[in-house]
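Report on one structure; see the data block that follows.
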Amino acid sequence: MSTGLVSQDTIVALATSPGANGAIAVIRLSGLQAITITNGVFKGKDLLSAPSHTIHFGTIRDGEELIDEVLVSLFKGPHSYTKEDVVEISTHNSTYIIERLIGLLIKKGARAAQAGEFTLRAFLNGGMDLSQAEAVADLIASENKASHEIAMNQMRGGISNKLQQMREQLINFTALLELELDFGEEDVEFADRAQFEALIQELKVHIVKLIQSFAYGNAIKHGVPVAIIGKPNAGKSTLLNTLLDEERAIVSDIAGTTRDTIEESINLEGITFRFIDTAGLRETADTIEAIGVTKAKEKVRQAKVLLYLYDDKDNTAEEVILQIKELYYEGLIVILVRNKIDLEGGYYPNDMDTAIKDALFPDYSDSLVGISAKDTNSVEGLKNILLDKIREMAIEDQHIITNTRHVEALQHALDALEQVEQGLDMQLPGDLLAHHVRGALRYISSITGDIDVDRDILGTIFGKFCIGK
Ligand SMILES: Nc1nc2c(ncn2[C@@H]2O[C@H](COP(=O)(O)OP(=O)(O)OP(=O)(O)O)[C@@H](O)[C@H]2O)c(=O)[nH]1
Ligand SMILES: [Mg+2]
C-alpha cells in the first residue's frame with residue numbers, strides 16, 4: 001500500500017462490518033473533497049454551508065433514482081479522526097444499498113480506501129502516534145475487559161507519554177554531549193557523567209519493566225494458557241468440568257481416560273483463561289496414549305501457568321518433585337494442587353506436602369493448595385490464586401506492552417543503553433557515547449513514530465487493519 005505523504009485524495013469505505021445483520025451501516029469518507037462529493041449526491045440541506053459536528057437527514061440519489069434515506073454526519077478537519085474533512089453516512093444496512101452508494105461516491109471522485117488507511121491518515125496528520133494507532137486495532141479486536149483496558153490505555157497515550165519522557169531526557173543529554181564536541185580539543189564536560197549514568201540506570205529499569213509486561217500483555221490479549229497436568233486419575237478432567245461448570249471432558253476411574261488435549265476458555269473477573277486438560281503423565285505401551293503424553297508435555301511448554309494435580313494415595317512426594325523439575329522452565333507459574341481432599345474430610349497439610357514444599361519452594365513454585373475437584377466451592381480458592389498470580393505479573397502504572405514490534409524495539413533500546421553504560425565505565429569520549437545514545441533514541445522513537453518511520457513498517461502495521469478503520 002502507499003504510505004507516502006498525506007495524499008490529497010478522498011477515500012471512502014464501509015466503516016461497519018460487512019455482511020453484519022445490524023439495522024444501520026456507516027460509510028465513511030475522508031479527504032479534501034469529502035463534503036463536496038457527498039453534497040453532490042445528497043438531497044437535503046446544503047452540506048457545504050453546514051457547520052462541523054452536525055447531522056443532516058436527507059436522501060441519496062443517483063440521478064433521479066432514489067437509493068436510500070440517510071443521516072449524514074459532518075466533521076470538518078482538523079476536528080476529526082483523520083484530521084481531514086470526514087463525512088459519515090448512515091444508511092440502511094443492505095448490501096445492495098452499500099454497494100450502490102460506495103460505487104456512486106467513487107464515480108463522483110472518491111477512491112476506495114485501503115486497509116487501515118483512515119487510521120494511517122490519523123497518524124500521518126499527527127492525530128495520534130504510532131503506538132496509539134496500533135492500539136486502535138487492538139481495541140477493535142479486544143474480547144475481554146482486561147485487553148480492552150490495556151488497548152484503551154495505550155490508545156489514550158499510556159506508553160507514549162512514558163516513552164516521550166524517556167526520549168526527552170536522552171535528547172537533553174545528547175545535546176550536551178554534542179556541545180562538548182564543539183569544543184574539540186578543550187577538555188570540557190557539559191554532560192555530568194554521574195548524572196548521566198543515573199539516568200541510564202533509571203531508563204533501563206523502566207524499559208526492563210515494559211519488556212516484562214509483554215508476557216502479561218500477550219497473555220491478556222490472547223487468553224492466559226493454563227495446562228492441567230498430573231498422573232492418570234488425578235482428577236484433571238474433573239477439574240476442567242468444574243471450572244467450566246459443564247461436563248466437557250469424559251471423567252472415569254479408568255486411568256488413561258483423556259488422550260487428546262481439550263482446551264476451553266473461561267473469563268474470570270475480566271481475564272480470559274485457556275484451560276488445557278491433558279492426558280495423564282505415565283509410561284505407557286499404548287501408542288495413542290503415548291502420543292497424548294507427548295502432547296501434554298508440549299502444552300506445558302506453551303503454557304503460562306501449570307496446575308499440577310496429585311493426591312496422596314496415588315502419588316509419592318518424590319514423583320511429584322521429579323515431574324515438576326522436569327516440566328519446569330523459567331517464567332512458568334506452577335501451582336501445586338493436592339486433589340481429593342474430600343476423602344480426608346478437608347485439607348490437612350501432611351508429610352508429603354512438607355517434603356514437596358521443601359524441595360520445590362521457592363525456586364519452582366510458591367503455592368500449594370488443597371481442593372476437591374468435584375466441588376465448585378473448593379475450586380473457588382484455586383481460581384483466586386490464579387487471578388492473584390496473573391495480577392502479580394501486571395506492573396504498576398498500567399504500562400503494558402502487547403505488541404511484538406514494540407517489545408523488539410525496546411530490547412534493542414536496552415542493548416544500546418547497555419553500550420552507553422559500558423562506554424561510561426570505559427570513559428569513552430562524548431562523540432562515541434552520543435552515537436550509542438542516538439541508537440537507543442532511534443529505537444524508542446520507532447515505537448511512537450517520532451522519527452521517519454520506514455514505509456515498509458507503516459505498510460505492515462496499517463495493512464493489518466480492516467478496510468474502513
Ligand atoms: N473423591 C474424589 N474423587 C475425585 C475427585 N476428582 C476426581 N475424582 C475421581 O477420580 C477419577 C478420575 O478422574 P478424572 O477427572 O477422569 O481424572 P484425570 O486426571 O482426567 O484422568 P486421566 O484422563 O485418565 O488422566 C474419577 O473417578 C473421578 O470421579 C475429587 O475431588 N474427589
Ligand atoms: Mg482426564
Side-chain angles (χ1 to χ4, degrees), residues 225-266 268 273-303 305-324 326-328 332-350 352-353 356 365 367-386:
V226 182
I228 309 174
I229 297 283
K231 277 178 53 168
N233 270 350
K236 301 178 292 299
S237 302
T238 308
L239 176 62
L240 178 79
N241 290 346
T242 304
L243 285 164
L244 298 174
D245 199 16
E246 172 192 332
E247 294 306 306
R248 174 68 182 79
I250 302 172
V251 165
S252 87
D253 57 3
I254 302 167
T257 302
T258 308
R259 279 142 177 255
D260 212 346
T261 51
I262 302 174
E263 295 198 26
E264 288 294 337
S265 294
I266 56 167
L268 301 178
F273 288 88
R274 271 194 297 125
F275 288 101
I276 309 153
D277 179 22
T278 61
L281 299 182
R282 67 166 169 186
E283 296 291 326
T284 169
D286 182 315
T287 327
I288 308 292
E289 195 186 348
I291 295 172
V293 171
T294 311
K295 223 172 150 184
K297 291 181 180 166
E298 275 166 22
K299 287 291 170 188
V300 177
R301 260 170 261 132
Q302 298 157 12
V305 183
L306 168 66
L307 295 184
Y308 188 90
L309 258 67
Y310 64 96
D311 63 73
D312 60 357
K313 302 266 173 317
D314 300 313
N315 293 83
T316 62
E318 290 67 39
E319 259 177 356
V320 175
I321 294 162
L322 199 73
Q323 254 175 6
I324 298 287
E326 259 177 40
L327 294 167
Y328 184 81
L332 180 70
I333 297 169
V334 180
I335 303 174
L336 299 157
V337 186
R338 177 141 73 79
N339 189 22
K340 309 193 186 181
I341 58 168
D342 53 304
L343 298 176
E344 309 160 38
Y347 177 66
Y348 306 102
N350 57 21
M352 185 182 186
D353 295 331
I356 291 176
S365 172
S367 37
L368 190 153
V369 56
I371 64 160
S372 169
K374 289 178 168 181
D375 171 26
T376 316
N377 285 334
S378 144
V379 170
E380 277 310 305
L382 177 59
K383 283 188 190 168
N384 287 332
I385 294 181
L386 260 176

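Atoms within each ligand, like the ligands themselves, are counted from 1 in listed order. As the structure is a computational prediction, the values presented were derived from the model and not from experiment.
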Hey, what's the angle at the Mg ion (ligand 2) spanning OG1 (Thr258) and OG (Ser237), nearest 10 degrees?
90°
Side chains of Thr261 and Thr278: is there a donor and an acceptor less than 3.5 Å apart?
no
Out of curiosity, is Asp311 lining ligand 1, as in a heavy atom under 4.0 Å away?
no
What do we get for Asn339 next to ligand 1 when only non-hydrogen atoms under 4.0 Å count, side chain, backbone, both or neither?
side chain
Looking only at side-chain N and O atoms, does Asn233 offer a donor or acceptor that is under 3.5 Å from a partner on Asp253?
no
Could you check whether Glu380 pairs with Lys383 (Lys NZ or Arg NE/NH1/NH2 to Asp/Glu carboxylate O, under 4.0 Å)?
yes
Could you tell me the residue and atom name of the protein heavy atom closest to atom 1 (N) of ligand 1, and the distance to it rounded to 0.1 Å?
Asp342 OD2, 3.0 Å
Determine, using heavy atoms of Gly230 and all atoms of ligand 1, whether some pair is separated by less than 4.0 Å.
no
Just to confirm my output: which protein heavy-atom neighbour is closest to atom 13 (O) of ligand 1, and how far is it?
Thr238 OG1, 3.5 Å
Donor-acceptor under 3.5 Å (Asp311 side chain, Lys340 main chain):
no
Contact (N/O only, under 3.5 Å) between Pro232 and ligand 1:
no
Are the side chain of Ser252 and the backbone N or O of Thr257 linked by a donor-acceptor pair below 3.5 Å?
no
Do Ser372 side-chain atoms and Ile341 backbone N/O form a donor-acceptor pair below 3.5 Å?
no
Backbone or side chain, does any N or O of Thr258 fall under 3.5 Å from an N or O of ligand 1?
yes
Could you find the nearest protein heavy atom to atom 10 (O) of ligand 1 and give me its residue, atom name and distance?
Lys340 NZ, 3.2 Å
Close side-chain approach of Glu319 and Lys231, heavy atoms under 4.5 Å:
yes
Cut-off 3.5 Å, side chains only: do Tyr347 and Asp353 have a donor facing an acceptor?
yes
the protein heavy atom lying closest to atom 21 (O) of ligand 1 turns out to be Asn233 N, 2.9 Å
Option of least heavy-atom distance to atom 11 (C) of ligand 1 (set: Gly235, Ala373, Ser252, Gly256):
Ser252
Under 4.0 Å between a side-chain nitrogen and a carboxylate oxygen: does that hold for Asp342 and Lys374?
no
Is it the case that ligand 1 has an N or O less than 3.5 angstrom from some N or O of Gly280?
yes
Keeping Lys297 on the side-chain end and Gly292 on the backbone end, is there a donor-acceptor pair under 3.5 Å?
no
Would you mind checking which non-hydrogen protein atom is closest to atom 25 (O) of ligand 1, with the distance to 0.1 Å?
Lys236 NZ, 2.8 Å
With a cut-off of 4.0 Å, which atoms of ligand 1 are near a heavy atom of Ile254?
24 (O)
For atom 29 (O) of ligand 1, what's the nearest protein heavy-atom neighbour? Residue, atom name and distance, please.
Lys374 CE, 3.6 Å
For the 3.5 Å polar cut-off, considering only N or O atoms, please tell me whether Asp277 and ligand 1 meet it.
no
Location of contacts on Leu239 toward ligand 1, heavy atoms closer than 4.0 Å:
neither
Atoms of ligand 1 less than 4.0 Å from Asp253 heavy atoms?
27 (O)
Tell me, which protein residue and heavy-atom name are nearest atom 28 (C) of ligand 1, and how many Å apart are they?
Val251 CG1, 3.7 Å
Has the side chain of Asn241 got a donor or acceptor atom that lies under 3.5 Å from a matching backbone atom of Arg248?
yes
Are the side chains of Ile335 and Val305 in contact, using a 4.5 Å heavy-atom criterion?
yes
